[in-house]
2 protein chains.
Amino acid sequence: MKDRPSRATGRPTLAQVAARAGVSQITASRALRSIATVDPQLATRVHDAAKALAYVPNPAARTLASARSQSILVLVPALSNHLFIETLEAVQDVLRPRGFDVLIGNYHYRQDEEEELIRNYLSFQPCGILLTGFNRSETAARLLANAGVPCVYMMELRQEEGIVCVGFSQEAAGAKVAEHLMSRGRRKLAFVGAQLDARVLQRRDGYQQAIARVDLPPAFEIMTPEPSSVELGGDLFNRLLTEHPNTDGIFFCNDDLAFGASFEALRKGVAIPAQISVVGFNDLPGAGQMVPRLTSVRTPRATIGEHAALSLLSLLCGETPEIPALDLGFKLIVRESS
Amino acid sequence: MKDRPSRATGRPTLAQVAARAGVSQITASRALRSIATVDPQLATRVHDAAKALAYVPNPAARTLASARSQSILVLVPALSNHLFIETLEAVQDVLRPRGFDVLIGNYHYRQDEEEELIRNYLSFQPCGILLTGFNRSETAARLLANAGVPCVYMMELRQEEGIVCVGFSQEAAGAKVAEHLMSRGRRKLAFVGAQLDARVLQRRDGYQQAIARVDLPPAFEIMTPEPSSVELGGDLFNRLLTEHPNTDGIFFCNDDLAFGASFEALRKGVAIPAQISVVGFNDLPGAGQMVPRLTSVRTPRATIGEHAALSLLSLLCGETPEIPALDLGFKLIVRESS
DNA sequence: GATTAATAAGGTAGCGCTATCTCAAAGTCG
DNA sequence: CGACTTTGAGATAGCGCTACCTTATTAATC
């Protein structure tokens, strides 16, 4: 019988660590995974051996043997929006130091793409998933349910048995903006929305409801499914001025649009806030430097990422978070534009 | 002997596909990986069986058996800069349809963090790595060399045996800006840089060299290692006005800074471009909407991502790209601010 | 037509790790 | 003090796939 060439990677293996520590492989495995049933003295020997050999576990072998990886999947609708970047960073800051690795999936606000990502990434057997909002295809939801992987939902809230979510009330935020504009004496309000994901619509609803509560006529709406951008903001602002020239208060569904509108106003000589008050959403970096400085709703996107990751961790430990739907609130930052 | 409970995942396996197709497992494996030595007829049978069973390969098993994953690691210095987002998206657009999955590592412009990410992700046995620039710790470079994983470098160019890179000449871009400002009659030039990564310094060098070539005094420099932001741009602009009030042309190392400066100029009543010409870098979305519309250098960041991914693919096939250092150029977009 | 070379398919043996079971030793209790 | 539980460690057997070697078949060469 000829010797087959080794197919090994050359990296130190658990077997070598175990041999060096004078214990069995499985004991070494348990020690390195901090499983309680190992004598502390043995555990120390194992850790010393691992350090001496510069042992790094092989995640593929681990995943294959346990049918569960150390990866956590995070699905966001866009990377182009700075909002989600901050959420992602916070998620990574929580998970990476704890030995998880974060897989990022960007579905470009498309349900079919999200479904495809879920299908694809489930084959990696992630140990947990962070999702944005509740709006997804039935197939996607079924895939997730069948996989039995713990999920935490970000950005939106829903009080429902078995649902763990971290976010804030988009409706309440929308209402707050309406109340603010009305407190400034604005009566001819408008809402400008792009992209039109579930959260934009929720903000719109909250905004309109607050207006209805004081028996004002509903806000004029300009809505487009186009992706949001600074340029689009300028266009929609112009459209609004043409269609409803006497508008005196606008809530843009996000800051990008509001930025574009502000530029256009400067160019056209439309006085903000003298003639029209403008409010954005998210309070992105730069909102406070705009001319005029932009009133916006500061959303807790980083904290949402952080707490979503922590909630997922507790799910992974078999615990249920005390508050399954965690409301992190928001804050209206009033500046010159209103 | 008691029956052990199955540890299987429940998902269909290659063995089932093979059985259904009436071939051996290894033939099924080869057929699904499109390895040439399989009879097309058998291959069809295998593919049909796989489809019928909704078979999805187990990446962990694949990685373990072959000591090589289907993952490609991309390391970028920041996600907060929109520039890299576009590069990442282009990379993903090339690699995901071809069955690779993209691992994103963000090292926050810190060499130690990059090193840590490399160390960590190498344990996943990625089949290729995309890196940003050439500036990294020696340890990191050694780790990469020892791993023997194909690498492609993005953003910067270097003519060197065995180095595959895709980018453009940062120096040439800097020079181009200087020439443009001088062509507008500007003589008292300044350079404002933040973050100060290698690429910012290269742009600065190109800028200064172009100025030196026509025997003008060197540009005044304001340099700070702080992370770049709109707010910082305003601060640095004010500092520049105080320290060198007669400056008549400024090159900001990126658009964020230029945005902040523009806002501050509007606020202070400094006339751009009448009093000072301003040029940014990257031509981020929004540059064309600024007041005044910002002159900027449009960088091919998406194309860089695309070509870097393609070059990596050819390395994976054992080919060497015809042009190992691919210069994708840049374009000065002249607008109102200069 | 015998020998060699190329080709295609399959058998076998892991890759490196962990789940499960087994067993010995120690602790617990009526 | 014997029967029962608890505890810690090890033996065993895969997880699902692919690399390597071998063998069967066909094509090419002398």
Side-chain angles (χ1 to χ4, degrees), chain A residues 1-46 50 53 55-70 99 122-125 127, chain B residues 1-46 50 53 55-70 99 122-125 127:
Chain A
M1 183 71 112
K2 232 179 286 176
D3 268 0
R4 286 165 181 257
S6 165
R7 288 167 54 196
T9 53
R11 285 168 25 195
T13 69
L14 187 61
Q16 293 171 34
V17 174
R20 192 177 228 267
V23 299
S24 73
Q25 224 186 98
I26 185 64
T27 301
S29 169
R30 288 199 267 249
L32 291 174
R33 282 179 295 154
S34 322
I35 288 182
T37 62
V38 176
D39 186 302
Q41 219 173 335
L42 285 189
T44 314
R45 285 228 306 274
V46 171
L53 294 170
Y55 169 74
V56 180
N58 182 323
R62 186 171 264 190
T63 303
L64 184 59
S66 66
R68 177 128 305 190
S69 75
Q70 291 293 105
L122 278 180
S123 77
F124 288 82
Q125 295 160 287
C127 59
Chain B
M1 186 69 114
K2 233 179 288 179
D3 268 2
R4 286 165 181 257
S6 164
R7 288 168 53 196
T9 52
R11 286 169 22 194
T13 68
L14 187 60
Q16 292 170 34
V17 174
R20 197 186 167 109
V23 300
S24 74
Q25 223 185 103
I26 185 66
T27 301
S29 169
R30 288 198 268 248
L32 291 173
R33 283 180 294 154
S34 321
I35 287 183
T37 62
V38 176
D39 186 302
Q41 220 174 333
L42 284 190
T44 313
R45 286 228 307 274
V46 171
L53 294 171
Y55 169 74
V56 180
N58 182 322
R62 188 172 261 190
T63 304
L64 184 58
S66 66
R68 176 130 304 189
S69 75
Q70 291 292 104
L122 279 180
S123 78
F124 289 82
Q125 295 160 288
C127 58

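Numbers restart at 1 for each chain; the letters A, B, ... are given by sequence-line order, proteins then strands.
By the 4.5 Å heavy-atom criterion applied to side chains, B:L32 and B:L14 are counted as neighbours.
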For nucleotides 8-10 of chain D, which of its nitrogen or oxygen atoms have a protein nitrogen or oxygen under 3.5 Å away, and what is each distance?
from   : atom 1 : to    : atom 2 : distance (Å)
D:dA9  : OP2    : A:T37 : O      : 3.3
D:dA9  : OP2    : A:D39 : N      : 2.7
D:dG10 : OP2    : A:S24 : N      : 3.0
D:dG10 : OP2    : A:S24 : OG     : 2.8
D:dG10 : OP2    : A:T27 : OG1    : 2.5
D:dG10 : N7     : A:R30 : NH2    : 3.0
D:dG10 : O6     : A:R30 : NH2    : 3.3

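When the P atom of C:dT18 is taken as reference, atom CG of A:L14 falls 6 Å away, rounded to whole Å. Regarding B:Q41, its CD atom lies at a distance of 10 Å from the P atom of C:dA9, rounded to whole Å. Between the CD1 atom of B:I35 and the C1' atom of C:dA9 there is a distance of 13 Å, rounded to whole Å. D:dG16 atom C1' lies 15 Å from atom CD of B:Q70, rounded to whole Å. In this structure, B:L64 atom CG and D:dG14 atom C1' are separated by 12 Å, rounded to whole Å. Spacing between atom CD of B:Q16 and atom P of D:dC15 amounts to 11 Å, rounded to whole angstrom units. Here D:dG16 presents its P atom at 8 Å from CZ of B:R11, a figure rounded to the nearest Å. Distance B:R62 CZ to C:dG14 C1': 18 Å, rounded to the nearest Å.
When all heavy atoms of A:A18 and A:A28 are compared, the pair lying nearest together is CB-CB, 3.8 Å. Of all non-hydrogen atoms in B:R11 and B:P57, the two that sit nearest each other are NH2-O, 3.8 Å.
Taking CD of B:Q25 as the reference point, atom CZ of B:R30 lies at 11.5 Å (rounded to 0.5 Å).
For the 3.5 Å distance criterion, the side chains of A:R33 and A:S29 qualify, holding a donor opposite an acceptor.
Side-chain N/O atoms of B:R33 include one lying less than 4.0 angstrom from OP1 or OP2 on D:dT18. Side-chain nitrogen and oxygen atoms of B:T9 include at least one within less than 4.0 Å of the OP1 or OP2 phosphate oxygen of D:dG16.
Between B:V38 and the options B:I26, B:V23, B:T27, a side-chain contact (heavy atoms from CB on, under 4.5 Å) holds for only B:T27.
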